[in-house]
There are 2 protein chains.
Amino acid sequence: MDKKAPRRRTRIQTEKREVILEAALEVFSAQGFRGATIDQIAEAAGMSKPNLLYYFKRKEDIHRTLIERLLETWLAPLRELDDIGDPMTELRSYIRRKLEMARDFPRESRLFANEILQGAPRIMPLLEGELKSLVDEKVAVIRGWMRAGRIVRTDPYHLIFAIWATTQHYADFDVQVRAVLGPDRGGDGRFEDAARFLEQLFLEGLKPRG
Amino acid sequence: MDKKAPRRRTRIQTEKREVILEAALEVFSAQGFRGATIDQIAEAAGMSKPNLLYYFKRKEDIHRTLIERLLETWLAPLRELDDIGDPMTELRSYIRRKLEMARDFPRESRLFANEILQGAPRIMPLLEGELKSLVDEKVAVIRGWMRAGRIVRTDPYHLIFAIWATTQHYADFDVQVRAVLGPDRGGDGRFEDAARFLEQLFLEGLKPRG
DNA sequence: CAAATTTTTGACCGAATGGACAAACGTTAG
DNA sequence: CTAACGTTTGTCCATTCGGTCAAAAATTTG
C-alpha cells in the first residue's frame with residue numbers, strides 16, 4: 001500500500017530534460033508532431049533514443065511539456081495589456097511585443113501554429129479555458145476604452161485576432177515572407193518594416209474620430 | 001528509340017483521380033503531409049490502397065497535384081486586383097474575396113499553411129517565382145495609388161501580408177477562433193463580423209488624409 | 001572503498017507505413 | 001464473341017517508428 005514517493009529530480013535529470021526540450025522544440029516546430037521522430041530529437045539532443053526515453057517515457061510527454069510551457073510565455077504580452085495606461089500606448093506595446101516574439105521565438109510560434117492547424121487535439125481545454133477567459137477579460141478592457149471614446153468603436157475580439165494573425169505571420173509564414181520580399185528587402189530589416197507598417201495600420205485605424 | 005506515347009486519360013481515370021484528390025485534400029489538410037497515410041486517403045476515397053496507387057504512383061504525387069492546383073485558385077483574387085478601378089473598392093473586394101475563400105475553402109488554406117510551416121519544401125520555386133512576381137506586380141499598382149495620393153503612403157508588401165494573415169487566420173486558426181468566441185459569438189456569424197472589422201481596419205487605415 | 005542508485009546503451013519487438021506485383025476481374029473496340 | 005486493354009484486389013515486403021528491456025557504465029551516498 002505504500003506508493004512510491006515521487007523521487008526528487010536529480011541535477012542530471014534537470015539538465016538533460018532541458019537539452020531534450022530544446023532539441024524537441026527544434027524538431028517539432030519544423031516537422032509537426034507526427035512528422036517528428038524520436039530518433040531525430042535524440043540526435044539533435046546528442047543522445048541515444050533509449051536514453052532520451054529514460055527522461056520522457058513517451059513522445060507525447062515531450063510535446064505536452066513543451067506546449068504547456070509555451071502557452072505561458074505566449075500569453076504574457078496580452079496579460080500585460082493594462083487598463084490604466086493610455087490605450088494607444090498600450091496597444092502599441094502589445095503589437096511590438098508580439099512582433100518581437102515572432103522575431104525572437106519563431107519556433108515556439110510554429111509549434112503552436114502546428115498544433116492549432118491540426119485541430120488543437122492536445123490543448124483544446126486550454127483554449128476554451130485559460131485562453132478564452134484571458135481574452136474575455138482584455139476584451140472588457142478594450143470595450144471600456146471604446147465606451148470612453150478613447151479609441152474607435154469596433155469588434156474587440158476580431159481586433160485581437162488581427163493582431164495575433166499579423167504578428168505571428170512573420171514567424172509562421174517566414175519562408176513565404178522572405179521569398180516574396182527577395183534577398184534585399186527580406187533581410188534583417190523586415191521586422192522593423194513590419195513594425196512600422198503594423199503600428200500605422202492599427203493605430204491610425206483606431207484613432208478616435210472627431 | 002520509340003518512347004511510349006503518353007496514353008490518353010480514360011473517363012474512369014479522370015473521375016477517380018478527382019475522387020482521390022478530394023479525399024486527399026480532406027486528409028492532408030487535417031493531418032499534414034507526414035501525418036496523412038495512404039490508407040486514410042484510400043478509405044476516404046472509398047477504394048483500396050493498391051487501387052489508389054494505381055492512379056497516383058506515390059503519396060507525394062497526390063500532394064504535389066493538390067498544391068499546384070490550389071495555388072492557382074489561391075492567387076486568383078490577387079490577380080483581379082485592378083489598376084483601373086477605385087483603390088478603396090479594389091482593396092475592399094480583395095479583402096472580401098480572400099475572406100470568402102477562408103470561409104468556403106478552409107481545407108485548401110490549411111493545406112497551404114501546413115506546407116509553408118514545414119518550410120515549403122515542395123513549393124519553394126513557386127514562391128520565389130510565380131508568387132513573387134505577381135506580388136511585385138501588384139505592389140507596383142498599389143504604389144501608383146499612393147503616388148497619386150489616393151491611399152495613404154505605407155509599405156505595400158506588408159499591406160499584402162497583413163491582408164493574407166488576417167483573412168487566412170479564420171481558416172487556419174479556426175478552432176482557436178471558435179474556442180475564444182465561444183458557442184454564441186463563434187457561430188456562423190463570425191465571418192460577417194470579421195468582414196466588417198477588417199473592412200473598417202484596412203479601409204479607414206488607408207484613407208488618404210487631408 | 002563499497003554498496004546503492006542513477007544513467008547509458010545495444011539489441012530487440014510489434015505495429016504502422018509506403019509501396020510492389022501478379023493474378024483476377026471489367027470494359028471496350030473490332 | 002474475343003482479344004486487348006483498363007481496373008481492382010489480396011498478398012507480400014522492406015523500412016521506419018515508438019517503445020521495451022536487461023545489462024553495462026557512471027555516479028552518488030554512506
Side-chain angles (χ1 to χ4, degrees), chain A residues 2-28 30-67 114-115 118 121-122, chain B residues 2-28 30-67 114-115 118 121-122:
Chain A
D2 50 1
K3 32 175 73 167
K4 254 181 277 188
R7 311 192 158 262
R8 247 184 77 213
R9 209 160 269 174
T10 326
R11 172 187 56 88
I12 295 186
Q13 270 165 12
T14 321
E15 290 170 8
K16 291 289 173 80
R17 281 174 66 98
E18 221 47 48
V19 174
I20 292 171
L21 288 172
E22 159 66 26
L25 175 59
E26 190 71 30
V27 179
F28 278 135
Q31 318 267 19
F33 180 76
R34 290 215 49 183
T37 74
I38 300 185
D39 284 285
Q40 285 172 347
I41 301 173
E43 167 150 19
M47 62 181 75
S48 65
K49 181 169 65 167
N51 197 182
L52 182 149
L53 284 166
Y54 168 72
Y55 293 102
F56 290 89
K57 279 272 156 275
R58 305 189 303 144
K59 182 184 174 184
E60 208 188 312
D61 293 346
I62 313 177
H63 193 260
R64 186 180 299 280
T65 309
L66 226 35
I67 288 226
N114 255 308
E115 178 67 11
Q118 319 289 316
R122 280 165 278 268
Chain B
D2 49 1
K3 30 174 73 169
K4 252 183 280 192
R7 311 188 158 264
R8 245 183 82 215
R9 208 160 272 174
T10 325
R11 172 186 56 88
I12 295 187
Q13 270 164 13
T14 321
E15 290 169 8
K16 292 289 172 86
R17 282 174 65 99
E18 221 48 49
V19 174
I20 293 171
L21 288 172
E22 159 65 25
L25 175 59
E26 190 71 30
V27 179
F28 278 135
Q31 319 268 20
F33 181 76
R34 293 213 47 185
T37 74
I38 300 184
D39 285 285
Q40 285 171 350
I41 301 174
E43 166 150 20
M47 63 182 73
S48 66
K49 181 168 66 166
N51 196 182
L52 182 149
L53 284 166
Y54 168 72
Y55 293 103
F56 290 91
K57 278 268 154 276
R58 306 188 303 144
K59 182 183 173 184
E60 208 188 314
D61 293 346
I62 313 177
H63 193 260
R64 185 180 299 280
T65 309
L66 225 35
I67 289 225
N114 255 309
E115 179 67 11
Q118 320 287 315
R122 281 166 276 270

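Residue numbers start from 1 in every chain, and the chains themselves are labelled A, B, ... in the order their sequence lines are given, proteins ahead of strands.
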| query | What distance do A/Ile67 atom CD1 and A/Glu115 atom CD have between them, rounded to the nearest 0.5 Å? | reply | 4.0 Å
| Spacing of OG1 belonging to B/Thr37 relative to NZ belonging to B/Lys59, to within rounding of 0.5 Å | 7.0 Å
| task | Would you please name every residue forming a side-chain contact (heavy atoms from CB on, under 4.5 Å) with B/Gln31, sequence neighbours left out? | result | B/Val27, B/Ala36, B/Gln40
| note | Per the under-4.0 Å heavy-atom filter, residues of residues 15-24 of chain B near DNA chain D come out as B/Lys16
| task | Provide, to the nearest angstrom, the distance between the NE2 atom belonging to A/His63 and the P atom belonging to D/dC17. | result | 17 Å
Protein-nucleotides 27-30 of chain D N/O pairs closer than 3.5 Å?
residue: D/dT28; atom: OP1; partner: A/Arg11; partner atom: NH2; Å: 2.8

Check nucleotides 9-18 of chain C against the protein and report each pair of N or O atoms closer than 3.5 Å, with its distance, or say if there are none.
residue: C/dT9; atom: OP2; partner: A/Ser48; partner atom: OG; Å: 3.4
residue: C/dT9; atom: OP2; partner: A/Asn51; partner atom: OD1; Å: 3.4
residue: C/dT17; atom: OP1; partner: A/Arg34; partner atom: NH2; Å: 3.3
residue: C/dG18; atom: OP1; partner: B/Ala36; partner atom: O; Å: 3.3
residue: C/dG18; atom: OP1; partner: B/Lys59; partner atom: NZ; Å: 2.9
residue: C/dG18; atom: OP2; partner: B/Ile38; partner atom: N; Å: 2.9
residue: C/dG18; atom: N7; partner: B/Lys49; partner atom: NZ; Å: 3.0

| note | Sequence neighbours excluded, the answer for ring-ring contact (aromatic ring centres under 6.0 Å, His included) partners of B/Phe33 is B/Phe28, B/His63
| request: Can you tell me the distance, in whole Å, between the CZ atom of A/Phe56 and the P atom of C/dT8? | output: 13 Å
| task | Hey, could you give me the CD1/CG distance between A/Ile41 and A/Leu53, rounded to the nearest 0.5 Å? | result | 9.5 Å
| request: Quickly work out the A/Glu60 CD to D/dG18 C1' distance and round it to whole Å. | output: 12 Å
| How would you list all residue pairs meeting salt bridge (Lys or Arg N to Asp or Glu O under 4.0 Å) that involve residues 33-44 of chain A, not counting sequence neighbours? | A/Asp39-A/Lys49
| request: Would you give the length of the straight line joining atom CG of B/Asp61 to atom CG of B/Leu66, rounded to the nearest 0.5 angstrom? | output: 12.0 Å
| request: To the nearest Å, give me how far apart CD (A/Glu43) and P (C/dT8) are. | output: 17 Å
| query | Which value, rounded to the nearest 0.5 Å, describes the distance between A/Leu52 atom CG and A/Ile62 atom CD1? | reply | 4.5 Å
| request: Could you give me the CA-CA distance, side-chain angles and deciding distance for B/Gln118 and B/Asn114, then say whether side chain to side chain contact (heavy atoms under 4.5 Å, CB included) is met? | output: CA-CA 6 Å; B/Gln118 320 287 315; B/Asn114 255 309; 3.9 Å; yes
| Which residues satisfy the salt bridge (charged side-chain N to carboxylate O under 4.0 Å, His left out) test with A/Arg58, sequence neighbours excluded? | none
Which pairs of donor and acceptor atoms, one on a side chain in residues 15-23 of chain B, lie under 3.5 Å apart (sequence neighbours left out)?
residue: B/Arg17; atom: NH1; partner: B/Tyr55; partner atom: O; Å: 3.3
residue: B/Glu18; atom: OE1; partner: B/Arg69; partner atom: NH2; Å: 3.4
residue: B/Glu18; atom: OE2; partner: B/Arg69; partner atom: NH1; Å: 2.7
residue: B/Glu22; atom: OE1; partner: B/Arg107; partner atom: NH2; Å: 3.3
residue: B/Glu22; atom: OE2; partner: B/Arg107; partner atom: NH1; Å: 2.9

| message | What is the separation between atom CD1 on A/Ile41 and atom P on D/dT16, rounded to the nearest whole Å? | response | 18 Å
| field | Presence of A/Gln13 side-chain N/O under 4.0 Å of C/dT6 phosphate oxygens OP1/OP2 | value | no
